[in-house]
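These notes concern the structure reproduced below.
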Amino acid sequence: MTASSRAVRGRLLSFRDDPAVVGAEGYDFIEDGLVLMVEGRIADVGAAEEVMPRLDAATPIDHYPDALILPGFIDIHIHYPQTQVIASYGAQLLDWLERYALVEEQRFAEPEHCAQVAAFFLDELARNGTTTAMVYCTVHPQSAEAFFAEAHRRNARMLAGKVLMDRNAPPDLSDTAEQGYADSKALIERWHGEGRQLYAVTPRFAVTSTEAQLEAAGTLLKEFPDCYLQTHLSENHREIETVRALFPWAESYTGVYERFGLLGPRSVFGHCIHLEDSERPLLSESRSVAAFCPTSNLFIGSGLFDLARAQDPAMPLRVGLATDVGGGTSYSMLSTLAEAYKVLQLQHQNLPALQGFYRITLGNARALGLEDKIGRLAKGGEADIVVLDAKATAAMAHRYARVETLEEELFLLMTLGDDRAVRATYIAGDPVHSRQDG
């Protein structure tokens, strides 16, 4: 083995399919398993007694006998420039943007500030066990440049893009259709496919882009068809009314995006709470993805995402789970699962623990079309791993004394867990966080 080999040993959990669909056949659980990581990939995985004899004697082994080892968590909708306006009081969506987010984002004209925040943000993701995220930058190309540079330095698989806004935004946060296109194209050519970096064309939402800019976004997707698209859709009633006034020709909010070629299997739409019946076929047939952001939807008062309706077999939507920091209130995908559970309970729906952990690993990898690379503990996959401790706090340990099944342990983690339950995080086979790091 090479000097870059490392193994982790403990209780392995990885998904092969959605347990809500296929039951126990959807996941593999090994009580004493081992994952060998070589040159950033998983070279071997299985029961420790089977894998250990195949290891080079010099391979270091990090042993977590009481912990759970899973693929790294994936967050499909988050804003790195909003780290210092998380937990800002008392506003709904459009007011919250005006009072907090857009004020903060003007600071990203300074490259040094961009670099500092990007480093903090990626540290925070790792501390919470998140190894891949789909990230909004600001309108400044330097914000995306700084983010990609820092993610590339860490060899982290990230998706991101410079925000496009050419109206209804402060002057210091406005570009033009032409400039936004040129800046985005240059960033795509520099960063898309560079190492583990991927580019997402990023009109903030229809409220802040003219028809010319949305057309330019569609042109970018035609020119670079393996890029992604991220934006917002039907988060808030006032937002929807504003879109209706700005695009009076459109039959619906989703219809605006469809007109400019922005729907598709690589397109992720934040929120999708208040969709009209006519919008669902557009999203379903295009295989677009809805990002369910429970902590944000509750904090900003936007509404409750109806997962059962999204999963209607007659008109299914692809759905991923996300934090939406800074409207969202936690970087933790565990805390996000807890709030998702509550949102669904309020609608007489449920989120079993196995399905929850599927959603933040393989489920979100599938939402991004990256299931061949991340989201599983599988030979040949990229070696992004999180180690979880269900006894991380006194209250968790007290509850754990009555845990009898894997499902109960996972539900404890998703109900009481947060960053303190993340014992270690590995990115591309390298340890990037351990709990003693603080």
So Thr138 and Lys162, do their side chains get closer than 4.5 Å, heavy atoms only? no
Is Glu150 salt-bridged to Arg153, going by a charged N under 4.0 Å from an acidic O? yes
Let's go through Ser302 and Asn297 carefully: what are the C-alpha distance in whole Å and the side-chain angles of both, what is the deciding distance for side-chain hydrogen bond (donor to acceptor under 3.5 Å, both in side chains) to 0.1 Å, and is it a yes or a no? CA-CA 5 Å; Ser302 299; Asn297 298 158; 4.7 Å; no
Gln213 and Asp175 side chains, donor-acceptor separation under 3.5 Å: yes
Does Tyr181 offer a backbone N or O that forms a donor-acceptor pair with the side chain of Ser184 under 3.5 Å? no
With side chains defined as the heavy atoms from C-beta onward, is the minimum distance between Val35 and Leu12 less than 4.5 Å? yes
Under a plain distance cut-off of 3.5 Å, with no hydrogens placed, do Tyr358 and Arg16 share a side-chain donor-acceptor pair? no
Candidate pair Ser14 and Asp28, rule side-chain hydrogen bond (donor to acceptor under 3.5 Å, both in side chains), full reasoning: CA-CA 5 Å; Ser14 182; Asp28 296 308; 5.7 Å; no
Is there a side chain to side chain contact (heavy atoms under 4.5 Å, CB included) between Phe224 and Lys185 once you walk through the steps? CA-CA 9 Å; Phe224 302 97; Lys185 184 173 182 177; 3.9 Å; yes
Would you check if there is a donor-acceptor pair between the side chains of Glu39 and Ser4 at a distance under 3.5 Å? yes
In this structure, CG of Leu275 is separated from OG of Ser252 (nearest 0.5 Å) by 9.0 Å
Say whether, by atom type as modelled, one donor and one acceptor occur between the side chain of Arg266 and the main chain of Asp226 under 3.5 angstrom. yes
Within this structure, what is the CD-OG distance for the pair Glu124 and Ser330, rounded to the nearest 0.5 Å? 8.5 Å
Which of Asp430, Val432, Ile427, Thr130 passes side chain to side chain contact (heavy atoms under 4.5 Å, CB included) with Asp384? Answer is Ile427
Can you tell me how far the CG atom of Asp166 sits from the CZ atom of Arg204, to the nearest 0.5 Å? 13.5 Å
Assess whether ring pair (Phe, Tyr, Trp, His ring centres under 6.0 Å) is satisfied between His113 and Phe108, documenting all intermediate values. CA-CA 6 Å; His113 182 71; Phe108 286 75; 4.7 Å; yes
Ring-ring centroid check His79 His232, cutoff 6.0 Å: yes
Could you check if a side-chain atom of Met134 sits within less than 4.5 angstrom of a side-chain atom of Leu198, using non-hydrogen atoms only? no
Basic-acidic side-chain contact under 4.0 Å: Asp95, Arg238: yes
Which distance, rounded to the nearest 0.5 Å, do you find between the CE of Met165 and the CG of Leu102? 5.5 Å
When rounded to the nearest 0.5 angstrom, what distance separates CD in Gln230 from CG in Leu262? 12.5 Å
Using a strict threshold of under 4.0 Å (side-chain N to carboxylate O), is an ion pair present between Asp389 and Lys391? no
Any sub-3.5 Å donor-acceptor pair from Arg99's side-chain atoms to Gly90's backbone N or O? yes
Does a donor on one side chain and an acceptor on the other come within less than 3.5 Å for Glu239 and Tyr253? yes
Without hydrogens or angle criteria, can the side chains of Thr323 and Asp75 be said to hold a donor-acceptor pair below 3.5 Å? yes
Of Ile385, Leu125, Thr131, the residue whose pairing with Thr425 passes side chain to side chain contact (heavy atoms under 4.5 Å, CB included): Thr131
N/O donor-acceptor pair under 3.5 Å between Arg41 side chain and Gly380 backbone: yes
Within a strict 4.5 Å, meaning less than it, do heavy atoms of the Tyr257 and Leu282 side chains meet? no
Below 4.5 Å, heavy atoms only, C-beta onward: do Tyr27 and Asp17 meet side chain to side chain? no
Are Glu371 and Arg376 within salt-bridge range, i.e. N to O under 4.0 Å? no
Can you confirm whether more than 12 heavy atoms, excluding those of Glu110, are under 6.0 Å from its CD atom? no
Check for a donor-acceptor pair, side chain of Gln349 on one end and backbone N or O of Ala308 on the other, with a separation under 3.5 Å. yes
Step-by-step ring pair (Phe, Tyr, Trp, His ring centres under 6.0 Å) determination, Phe120 to Tyr80: CA-CA 9 Å; Phe120 168 84; Tyr80 105 83; over 10 Å; no
For residues Phe205 and Phe269, determine if any side-chain heavy atom of one lies less than 4.5 Å from a side-chain heavy atom of the other. no
Could you tell me whether a side-chain N or O of Glu279 sits under 3.5 Å from a main-chain N or O of Glu276, the two making a donor and an acceptor? yes
Ring pair (Phe, Tyr, Trp, His ring centres under 6.0 Å) evaluation trace for Phe292 with His77: CA-CA 9 Å; Phe292 174 18; His77 183 104; over 10 Å; no
Result of checking Val343, Leu304, Leu351, Leu344 against Pro294 for side chain to side chain contact (heavy atoms under 4.5 Å, CB included): Val343
Can you tell me if Thr231 uses its side chain to pair, donor with acceptor, with the backbone of Thr202 under 3.5 Å? no
Can you check whether Tyr199 and His192 have ring centres sitting under 6.0 Å from each other? no
Counting neighbours of CZ on Arg420 that are heavy atoms of other residues, nucleotides or ligands and sit closer than 6.0 Å, is the number greater than 12? no
If you draw a 6.0 Å radius around CZ in Arg107, do more than 12 non-hydrogen atoms from other residues or ligands fall strictly inside? no
Output the distance between atom CG (Leu377) and atom CD1 (Ile69), rounded to the nearest 0.5 Å. 8.0 Å
For the NE2 atom on His63, are there more than 12 heavy atoms of other groups (residues, nucleotides or ligands in this structure) within a distance under 6.0 Å? yes
Would you check if the side chain of Arg154 reaches a backbone N or O of Ala119 as a donor-acceptor pair within less than 3.5 Å? yes
Lys/Arg N to Asp/Glu carboxylate O, Arg9 vs Asp62, below 4.0 Å: no
Full working for side chain to side chain contact (heavy atoms under 4.5 Å, CB included) between Asn236 and Gln92: CA-CA 8 Å; Asn236 169 279; Gln92 293 208 346; 3.7 Å; yes
Might you work through the side chain to side chain contact (heavy atoms under 4.5 Å, CB included) test for Asp324 and Thr295, ending with a clear yes or no? CA-CA 8 Å; Asp324 192 32; Thr295 73; over 6 Å; no
Of all heavy-atom pairs between Arg366 and Arg318, which one has the smallest distance, and what is that distance? O-NH2, 2.8 Å
So, do Val386 and Val422 sit near enough that their side-chain heavy atoms are less than 4.5 Å apart? yes
Where the side chain of Ser288 meets the backbone of Gly264, is there a donor-acceptor pair that is under 3.5 Å apart? yes
Going by heavy atoms in the side chains, are Gln82 and Tyr136 under 4.5 Å from each other? no
More than 12 heavy atoms of other residues, nucleotides or ligands under 6.0 Å from CD of Glu98: is that the case? no
I'd like to know if the side chain of Arg167 reaches the main chain of Ser209, judged simply by a donor and an acceptor atom lying under 3.5 Å from each other, with no hydrogens or angles considered. yes
